[in-house]
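Both ligands and their constituent atoms are indexed starting at 1 by order of listing. The shown structure was predicted, so the numbers you read here are calculated from the model rather than taken from an experiment.
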Amino acid sequence: MTARTLSPFDPNYREAFREPLLTADSLIEVGGRPQISLDGLWRFHIDPYDVHRRRAAFDPQYLELLAKPEDEALLDSRTDFPAGAWETIKVPGCWNEERPELMHYEGCALYLRDFEGLPSGPRYFLHVGAANYESTLWLNGVFIGRHEGGFTPFCIDVTPHLRARNVLAIVVDDRREADRLPALWCDWFNYGGIFRSVRLVEVPQSHIKRTFLRLLPGTGLRRLRLDVETSAAEGEQVTLTVPALHVAERAVVDGQGMASLELTAEPSLWSPDHPHLYEVEVALESGDRLEDRVGFREVRVEGDRLLLNGRPIFLRGVCAHEEFPGRGHAATEEDTRQMLETARDLACNFVRLAHYPHHENAARLADRLGILLWEEIPVYWHVDFANPAVLTGARNQLRELILRDRNRASVIIWSIANETPRTGERSSFLEELADCARQLDSTRLVSAALLPLPDDPLLPQMDVVAVNEYFGWYYGQAEQVQDLLKNLASCGKPMLVSEFGADCVAGLHGAADEIRTEEFQADFYRRQFAGILGIPSVVGTSPWVLYDFRAPFRQNKYQRGYNRKGLIGEDHQSRKMAFETVRKIYQDLAGRFGE
Ligand code: GCU
């Protein structure tokens, strides 16, 4: 359906922008490539009635306005276009934090960014790190594509649409919808906007799209494999170079632009105690090349044990949202580093990045700092499992995440869901996602954070059985966690307690049985860990949660809009007593594992 056929009041105006949908297939690796950042101040206008997309769907003149937003000649009394009335906003950023008056705004907003012409010859890909939730894009008034998903990157070849002067227009729609991921309800704040970097990436005509370099599991820690996807012609050579391993191997591109090679090597293995990274280069004969720093390690399960490089490991973890004071999801590299270093200060060797893909920096920094990661897509609580379009969206978010981070040694677990109801639609939906993850990456473990119930039909699909439980907070006594875990242990798989925690107001003190006091939270953890660590097949724990975080449906006088289960307050500074409690338990555990 083309834009011109729609009437002004057609409720299906968004049909005009259904395709092309930007998916994982169009993703290219951008690390180390020549690029132009489009970060900075963008023209901005909230659009609560989604006027811009509706107009653009049926009004050709409007598309011209999107190409020449300041062209007075195009403006006449009828046009409601905000020319001359533009505001500006920082990209990357969340409009909720950039504009206090928009803190609780959920809806659409129009972003405009102009940039000069680019030298002809190479191809130029527009790459957006993330924008919550749906992004509809025009370049110079031409609709170029749409992306769904709030936390994963997308990109598109814009070469055909470039001019001497360019205007990029993006309508970002962050409304919670029943057919989105997450759907209508989630226990975190729905920040809106373009909150990760936007750039133009320059690549040669013949270029490398994606690489996947890893140690193959079960090969005695000595077999490396590289798969490369390119736009190159059949017969072109690809070279893998790892100078420190004296590796310089070649492969030939096939008719689908793919090339692969395997080799034997003795890499120094990556682990939290020894986060060793190798400089690697993948190059095409015609000149395109990608550089990266990659660690080689093997993670696998053996019965109910979790093995890293063949040795049992206990995941001393914590959960963390990507939310930073004054920035929301728009994490800076320093924010992410501080989060990871604070986890390490808690004596962690593992972080569960909840409940959606965090910034790409998280895995790159974790590679360097030696912290193992759980990464997750926001199939959270109730989503429309019976809706095939929702499954397609989930699969695409999972593929975008895996293609982005599969060269990161720190990432060991792909999580496909959190606390989902045990319906038939849900199980087949999640089985599809588990298959999708394994097809894309057979070197990592697949899991999902399950509700604390035995006999979940999804258990057979899980490499690691992860359970969220709140004994001693939402229900029962802390000690009861043991019964649940003993029951779950019968599945014979390694288990992870992926969430457990209790609310506590930083600075509120009292007796250990007075809920919401620091003493109560610390005691909660002592009692929980006493139960959990008594179960041999428990291979990890990740308390809920490192920092207090915004949660709109938490409004009682203690919470005041925050989930207060953090070990640290929402200022990311005020450490609660439980921080020390957990740290001592983890330091002791590390000692037991000789770390
Ligand atoms: C759930 C959920 C979290 C939530 C937590 C809580 O388990 O996974 O997102 O914040 O419980 O209730 O605090």
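Side-chain N or O atoms of Q559 include one that pairs as donor or acceptor with a backbone N or O of N556 at under 3.5 Å. Judged by distance alone, with hydrogens and angles left aside, the side-chain atoms of Q397 form no donor-acceptor pair with the main-chain N or O of G150 at under 3.5 Å. Q482 contributes no side-chain N or O that, together with a main-chain N or O of E479, makes up a donor-acceptor pair within less than 3.5 Å.
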Please report the C-alpha distance between R146 and E148 in whole Å, then the side-chain angles of each, then the deciding distance to 0.1 Å, and finally whether the salt bridge (Lys or Arg N to Asp or Glu O under 4.0 Å) criterion is met.
CA-CA 7 Å; R146 180 179 70 90; E148 281 188 8; 2.7 Å; yes
Chi angles and distances behind the side-chain hydrogen bond (donor to acceptor under 3.5 Å, both in side chains) call for E469, Y475
CA-CA 9 Å; E469 53 82 16; Y475 38 76; 5.4 Å; no
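Of all the heavy atoms of W188, none lies under 4.0 Å from any atom of ligand 1, so neither backbone nor side chain is involved. Residue V545 does not touch ligand 1, judged by heavy-atom distances below 4.0 Å.
Around atom 4 (C) of ligand 1, the closest heavy atom drawn from N468, D187, L451, D503 belongs to D187.
Residues R352 and N418 bring a donor and an acceptor atom of their side chains to less than 3.5 Å of each other. Donor-acceptor pairing under 3.5 Å is lacking for the side chains of T342 and D345. Judged by distance alone, the side chains of E322 and Y356 never bring a donor and an acceptor atom under 3.5 Å apart.
Residue-ligand proximity, K565 to ligand 1, at heavy-atom distances under 4.0 Å covers atoms 6 (C), 12 (O), 13 (O). Here is the list of ligand 1 atoms found below 4.0 Å of a heavy atom in N418: 2 (C), 8 (O). Shown in contact with H355 at under 4.0 Å from a heavy atom are these atoms of ligand 1, numbered in order with element: 3 (C), 8 (O), 9 (O).
Ligand 1 has at least one atom lying under 4.0 Å from a heavy atom of Y470. Heavy atoms of F549 come nearer than 4.0 angstrom to ligand 1 in at least one pair. Under a 4.0 angstrom heavy-atom cut-off, R554 registers as being in contact with ligand 1.
The distance criterion of under 3.5 Å between nitrogen or oxygen atoms is not met by W381 with respect to ligand 1. Ligand 1 has an N or O atom lying under 3.5 Å from an N or O atom of E419, backbone or side chain.
Here the heavy atom of the protein found nearest to atom 12 (O) of ligand 1 is Y474 OH, 2.5 Å.
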